[in-house]
Amino acid sequence: MDNDKIDLQRCKSILGSGTMKILICDDEEQYLDVLCAHVQDYMGKRFIECEIVRATSPLEVMKQDLRYDLAFLDIQMEGMDGISLAKEL
């Protein structure tokens, strides 16, 4: 079976017919832009609906108290590192 079909089947089985909510948090805007573009491209090619939430501050992410299906977190950020943020999510 083709890897793209496997990815799509896994996502559909996890999400049902919903939209995947993805957090991308990096305190450096240029890296945030690049990663967002790659994730959008990847998901679009596989016809997986997603909502990408961009953040430059891990402390702001914590204040929102939202749930995500997937999170891409920078390891070294001001105020809180990505590993600590992951534990809180």
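Excluded from the calculations below are hydrogen atoms, water molecules and symmetry mates; all remaining heavy atoms, backbone and side chain alike, are included. Keep in mind it's a predicted model, so treat the numbers as computed, not measured.
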**Separation of Glu28 CD from Asp33 CG (nearest 0.5 Å)** = 11.5 Å
**Request:** Look up atom CG in Asp27 and atom CE in Met77, then write down how far apart they are to the nearest 0.5 Å.
**Result:** 6.5 Å
**Asked** Taking the side chain as C-beta and beyond, is there a heavy-atom pair between Leu23 and Leu66 under 4.5 Å?
**Response** no
**Item:** More than 12 heavy atoms from other groups under 6.0 Å of CD on Gln76
**Value:** no
**Asked** How far apart are the closest heavy atoms of Ser57 and Cys25, and which atoms are they?
**Response** C-SG, 4.1 Å
**Request:** May I ask whether Leu35 and Tyr42 are part of the same hydrophobic cluster, defined by side-chain heavy atoms of I, L, V, M, F, W, Y residues being less than 4.5 angstrom apart, directly or through others?
**Result:** yes
**Request:** Measure the spacing between OH of Tyr68 and CD1 of Ile22 and express it to the nearest 0.5 Å.
**Result:** 11.5 Å
**Item:** Note, Lys21 side chain near Arg67 side chain (heavy atom, < 4.5 Å)
**Value:** no
**Request:** Is it possible for you to say whether Leu73 and Val53 belong to one hydrophobic cluster, with membership spreading through side-chain heavy-atom contacts below 4.5 Å?
**Result:** yes
**Request:** Can you measure from SG (Cys36) to CG (Asp41) and round to the nearest 0.5 angstrom?
**Result:** 12.5 Å
**Request:** Using a 4.5 Å cut-off on heavy atoms from C-beta on, say whether the side chain of Thr56 contacts that of Leu32.
**Result:** yes
**Message:** Once side-chain hydrogen bond (donor to acceptor under 3.5 Å, both in side chains) is applied, do any residues pair with Glu60, and if so which ones, sequence neighbours excluded?
**Reply:** Lys63
Which pairs of donor and acceptor atoms, one on a side chain in residues 78-89, lie under 3.5 Å apart (sequence neighbours left out)?
| residue | atom | partner | partner atom | Å |
| --- | --- | --- | --- | --- |
| Asp81 | OD1 | Ile83 | N | 2.9 |
| Asp81 | OD1 | Ser84 | N | 2.9 |
| Asp81 | OD1 | Ser84 | OG | 3.4 |
| Asp81 | OD2 | Ser84 | OG | 3.1 |

**Request:** Report yes or no: does Asp26 contribute a side-chain atom to a donor-acceptor pair with the main-chain N or O of Asp74 at less than 3.5 Å?
**Result:** no
**Prompt:** Between Ile24 and Val34, is there a shared hydrophobic cluster once you connect ILVMFWY residues whose side-chain heavy atoms come closer than 4.5 Å?
**Reply:** no
**Asked** Hey, does Met43 have a side-chain heavy atom less than 4.5 Å from the side chain of His38?
**Response** no
